[in-house]
Amino acid sequence: MSDDPPDDPPDSLADDAPIEESIPIPPDALSPDTLLNLIEEFVTRHGTDLADAADKIAQVRALLSAGRVEIVYDPNTQSCNILERK
């Protein structure tokens, strides 16, 4: 058994597909349930218990409304995230 790295990269790295830019998603383009689910997933991502998340959910909603953060979709990972606006 060798500790040498494999000669070929994994398929996901060997793909010659172009890297696509993230796409901003306006919060009002999502249904209320989808927006809530996205925010809940975001605030609980790093261990916040959903029962204790109400304040954080309200904070994220306020930041979205104020335009200080935005929802972005990354087509490369097929995932959404909430990021500080640049």
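All residue numbers in this chain count up from 1 along the given sequence.
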| request: Apply the test side-chain contact (heavy atoms from CB on, under 4.5 Å) to residues Leu35 and Arg61: give CA-CA distance (whole Å), side-chain angles for both, the deciding distance (0.1 Å), then the verdict. | output: CA-CA 9 Å; Leu35 180 60; Arg61 282 186 183 276; 3.9 Å; yes
| task | Could you tell me which non-hydrogen atom of Ile39 sits nearest to which non-hydrogen atom of Leu64, and how far apart they are? | result | CD1-CD1, 3.9 Å
| Nearest-0.5 Å distance, OG1 of residue Thr34 to CD1 of residue Ile71 | 10.0 Å
| Any donor and acceptor pair, going by atom type alone, linking the side chain of Asp74 with main-chain N or O of Asn76 inside 3.5 Å? | yes
| request: Work out which heavy atom in Ala53 is nearest to a heavy atom in Thr44; give both atom names and the distance. | output: CB-CG2, 4.4 Å
| Gap between atom CD of Glu84 and atom CZ of Arg68 - 0.5 Å precision | 7.5 Å
| message | I need the Asp55 CG to Asp52 CG distance, nearest 0.5 Å. | response | 9.0 Å
| task | Report yes or no: do Leu83 and Val60 belong to one cluster of Ile/Leu/Val/Met/Phe/Trp/Tyr joined by side chain heavy-atom distances under 4.5 Å? | result | no
| remark: Looking only at heavy atoms, the pair that brings Pro24 and Glu70 closest together is CB-OE1, 3.8 Å
| message | Restricting to non-hydrogen atoms, name the atom on Val72 and the atom on Ser22 that form the minimum distance, rounded to 0.1 Å. | response | CB-CB, 4.3 Å
| Gap between atom CD1 of Ile57 and atom CG of Leu36 - 0.5 Å precision | 6.0 Å
| Shortest non-hydrogen contact between Phe42 and Ile82, atoms and distance | CE1-O, 3.5 Å
| remark: Shortest non-hydrogen pair, Pro75 vs Glu20, comes out as CG-CB, 3.5 Å
| message | Within this structure, what is the OG-CG distance for the pair Ser31 and Asn37, rounded to the nearest 0.5 Å? | response | 8.0 Å
| With side chains defined as the heavy atoms from C-beta onward, is the minimum distance between Arg45 and Asn81 less than 4.5 Å? | yes
